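Numbering of residues begins at 1 and proceeds along the displayed sequence. Order of appearance sets the numbers: ligands from 1, and atoms from 1 within every ligand. Note that this is a predicted model, so its numbers are computed, not measured.
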Amino acid sequence: MAANNKLPVVALLLLLGAVTCRADYGYPVPGSAGYPRQPQTPTPSPSPPPSAGVLAVGFYDSTCPSAEEIVRGVVVRAVTQNPGVGAGLIRMLFHDCFVEGCDASVLLDPTTANPQPEKLSPPNFPSLRGFEVVDAAKAALEAACPRTVSCADVLSGGRVSFAMPAGRRDGRVSLSSEALRFLPPPSFNLSQPAASFAAKGLGVGDLVVLSGAHTIGVSHCSSFVNGGRLNASTSDMNPALAASLRQQCPASPNATDDPTVVQDVVTPNALDSQYYKNVLARNVLFTSDDELLKSSQTAAAVVLNAFVPGLWEHKFKAAMVKMANIQVKTGTNGEIRRNCRAVN
Ligand SMILES: *[C@@H]1O[C@H](CO)[C@@H](O)[C@H](O)[C@H]1NC(C)=O
Ligand SMILES: *[C@@H]1O[C@H](CO)[C@@H](O)[C@H](O)[C@H]1NC(C)=O
């Protein structure tokens, strides 16, 4: 979504997120529906990710000047009605960009020709949310500027209010198997998500910064109980948090009994740097959170993010822009979908 050129507008939605956003960061029960039981390091791409096409701030200034305002209006209304939307859209962008690039492939519904698109893959179904908000924004855009603004730009700009370059075009390929291949489950140790990120041109620094999104949202119990995180003999989770989670979660979560818990036990609804203090105190749900202390490089970044005011917020915006630039389709690649759920 083209950002307002006049100023790098900061934090309208981030502030909304600060007071209200919740999202489900958990995965469905590991082992169900083809979810791999053993962590799998993604097969490295045969070549480095294609260089990003050129995106531009203000991309729709002449073709659809109200685009940003339209999308923001829809998202603000949705977040007001359902606080889960803000964080849900951040997670949806991550899950879109890591699979086929930021091309709205995650939005495509199943068809007879493609019965298993990304959105039905275990990392996405049933936990990914926010699809109806994207639909509403797209409908409003089509009414104002038909066939002009891509679904990929709606998704990448939907919940940010800082300068997000635009010009992405929508993809036509969406495969469940690719989502399993490229999305790192939360049970991963540090080297595995680092490999997932490297395969997309992101560094360990980006991994540390984007992990900070766990400062909001909720997780299914299965995402950490089944990985042994509540077992004191195998996990160094803070014992007080582990005791609290044992109260909230069944011993063996399954598809029919899998409650959710907040990710940030201190400030669950604030998009802030508290996550990093939680990491230092071992007050985090996932192996992948805890692993940030396992290397001196990432541990140092955790400490800085925890204690330098404003540092994480600044880095998070930059990392979101970088993530939203992964393998984008521009120019004559891809298309501008009429309906975000179907290829033209
Ligand atoms: C992470 O897990 C993989 C697979 O289980 C293992 O091969 C690797 O040694 C682990 N890395 C670290 C740093 O523990
Ligand atoms: C905790 O982990 C230990 C060591 O792997 C294992 O022997 C034990 O059965 C586990 N306890 C539970 C409750 O799963």
* Asked: Is the distance between the ring centroids of Phe98 and Phe197 less than 6.0 Å?
  -> yes

* Report, in ascending order of atom number, the atoms of ligand 2 lying under 4.0 Å from any heavy atom of Asn231. => 1 (C), 2 (O), 3 (C), 8 (C), 10 (C), 11 (N), 12 (C), 14 (O)

* What atoms of ligand 2 come within less than 4.0 Å of a heavy atom belonging to Thr234? -> 2 (O), 4 (C), 5 (O)

* Can you tell me if Asn189 and Thr287 form a side-chain donor-acceptor pair at under 3.5 Å? -> no

* **Linked, directly or transitively: Val149 and Leu108 (ILVMFWY side chains, under 4.5 Å)** => no

* Asked: Salt-bridged, Glu291 to Lys294, with N to O below 4.0 Å?
  -> yes

* Does atom 11 (N) of ligand 2 have a protein heavy-atom neighbour under 4.0 Å away? -> yes

* Considering only protein heavy atoms, determine whether one is less than 4.0 Å from atom 7 (O) of ligand 2. => no

* Using a 4.5 Å cut-off on heavy atoms from C-beta on, say whether the side chain of Arg91 contacts that of Leu128. => yes

* Would you mind listing which atoms of ligand 2 come within a distance below 4.0 Å of any non-hydrogen atom of Ser233? => 1 (C), 2 (O), 3 (C), 4 (C)

